[in-house]
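As structure tokens, the structure follows; a few thoughts come after it.
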Amino acid sequence: MEIEQKQAEHIDYFVKQASNLKGSALSNVVVEATSHPSLFAFSEILSVPNVLELEGTENSFLLELLTIFAHGTWSEYKGVSGHLPQLVPDQVLKLKQLTVLTLAETNKVLPYDTLMQELDVTNVRELEDFLINDCMYVGIIRGKLDQFRRCLEVQFAAGRDLRPGHLGSMVQTLVNWLSTSESLLVSIQEKIKWADTMNEMDKKHRKEVGERADELKKTLSLKQADVDFRGHDELFSEHGGVMDFEEDRSRPKRRRHPIG
């Protein structure tokens, strides 16, 4: 948010400057804007009427240069540098930073070989120093340098000015994203509903199992009580038999007479 606020402040400053100048007098504004270390958006400056009036004049190269900084890359500049002013070191650095942002728009894994070719960097150490010091520390990208795989894994990249004619495709991308999000939301809601149904069924099943368990416990308790009662009866009967046996032993025995 802080970067965006600073961007807005810088843009407002250069728009006011460009609005008050015409023709070749805009040269200093263009150089200053494209060299500014904290400015990465130029479409608002491009839309200033005084800047647009440069087209078709002897100063049209200023408009073309500003357009490259708004939408182009370092390699695109090299392709037309023959009729454009030579860039100062700060402009070269800025255009290379913008080139990384352009590459990150379509790929979240950027091979070192691709980056070195696009940025005119001759070795890995120089490339990594540039990515760390001039991109990550500045805040225009966040990511991880994978030295083993020789690539930059991009987690975040600041957006660049939208190229002319690309608004329609961006709108379509957003429409597709919205449609996908709505479909995903419906799917999630259906799964939530299914989970709620399964939860209710599980509660009902647990309740039925609990009720059956209670009925079984009652049945077993009744059977146990019946067994205890019968055992008491049998014990009492056996005790009576013992008493009869004792009484039988107390009776006088008959004397046997010898058989003659």
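For the pair Ile140/Phe156, no side-chain contact is recorded, criterion being any heavy-atom separation below 4.5 Å from C-beta on. Arg149 has its side chain within reach of Val109: a pair of non-hydrogen atoms, C-beta onward, lies under 4.5 Å apart. The closest side-chain heavy-atom distance from Leu110 to Thr114 is not below 4.5 Å. In this structure, Leu152 and Leu131 have side chains that are in contact, with non-hydrogen atoms separated by less than 4.5 Å. Leu185 is listed as a side-chain neighbour of Gln189, based on a closest heavy-atom distance under 4.5 Å. Side-chain atoms of Leu84 and Ile68, non-hydrogen and from C-beta on, do get closer than 4.5 Å to each other. Within the 4.5 Å cutoff, no side-chain heavy atoms of Thr34 are placed close to those of Lys94.
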For this session: For the pair Leu26 and Asn59, evaluate side chain to side chain contact (heavy atoms under 4.5 Å, CB included) and give the outcome as yes or no after the intermediate values.
Result: CA-CA 9 Å; Leu26 288 166; Asn59 296 304; over 6 Å; no
For this session: Evaluate the criterion side chain to side chain contact (heavy atoms under 4.5 Å, CB included) for residue pair Val88 and Val92; output intermediate values, then yes/no.
Result: CA-CA 6 Å; Val88 299; Val92 174; over 6 Å; no
Problem set entry | Worked verdict on Lys16 versus Asp12 for salt bridge (charged side-chain N to carboxylate O under 4.0 Å, His left out) | CA-CA 6 Å; Lys16 289 179 179 178; Asp12 184 59; 3.3 Å; yes
For this session: Apply side chain to side chain contact (heavy atoms under 4.5 Å, CB included) to Ile45 and Gln17, showing your working.
Result: CA-CA 9 Å; Ile45 304 173; Gln17 290 291 313; over 6 Å; no
For this session: Begin with the C-alpha distance, continue with both residues' side-chain angles, and end with the deciding distance and a verdict on side chain to side chain contact (heavy atoms under 4.5 Å, CB included) for Leu93 and Asp134.
Result: CA-CA 8 Å; Leu93 174 62; Asp134 298 315; 3.7 Å; yes
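Side chains of Glu55 and Ser60: a donor-acceptor N/O pair is absent below 3.5 angstrom, by distance only. Donor-acceptor pairing under 3.5 Å is lacking for the side chains of Tyr112 and Gln147. A donor atom on one side chain and an acceptor atom on the other are not found under 3.5 Å apart for His71 and Glu76.
In terms of modelled atom types and a separation under 3.5 Å, the side chain of Gln7 and the main chain of Ser38 share a donor-acceptor contact. Without hydrogens or angle criteria, Lys78 side chain to Trp74 main chain gives no donor-acceptor distance under 3.5 Å. A donor-acceptor pair under 3.5 Å links the side-chain atoms of Asp161 to the main chain of Phe42, judged by distance alone.
With salt bridges taken as basic N to acidic carboxylate O contacts below 4.0 Å, one links Glu53 and Lys22. Using a cut-off of 4.0 Å between Lys/Arg side-chain N and Asp/Glu carboxylate O, Arg125 and Asp129 are scored as salt-bridged.
Shown here is His83, whose NE2 atom has more than 12 heavy atoms of other residues, nucleotides or ligands within 6.0 Å. Counting heavy-atom neighbours within 6.0 Å of Lys108 NZ, excluding the residue itself, gives a total above 12.
What you find for Arg160 and Thr99 is that their closest heavy atoms are NH1-N, 4.5 Å. Contact record, Val30 with Leu65: CG1-CD2, 4.3 Å, taken as the closest heavy-atom pair. Between Arg150 and Asp113, the closest heavy-atom pair is NH2-OD1, 3.0 Å. Residues Val138 and Asn133 approach most closely at CG2-O, 3.9 Å, considering heavy atoms. Taking every heavy atom of both residues into account, Phe69 and Leu98 meet most closely at O-CD1, 3.3 Å. Across all non-hydrogen atoms, the minimal contact from Glu126 to Thr122 is OE1-OG1, 3.4 Å.
Rounding to the nearest 0.5 Å gives a distance of 13.5 Å between CD of Gln91 and NE2 of His36.
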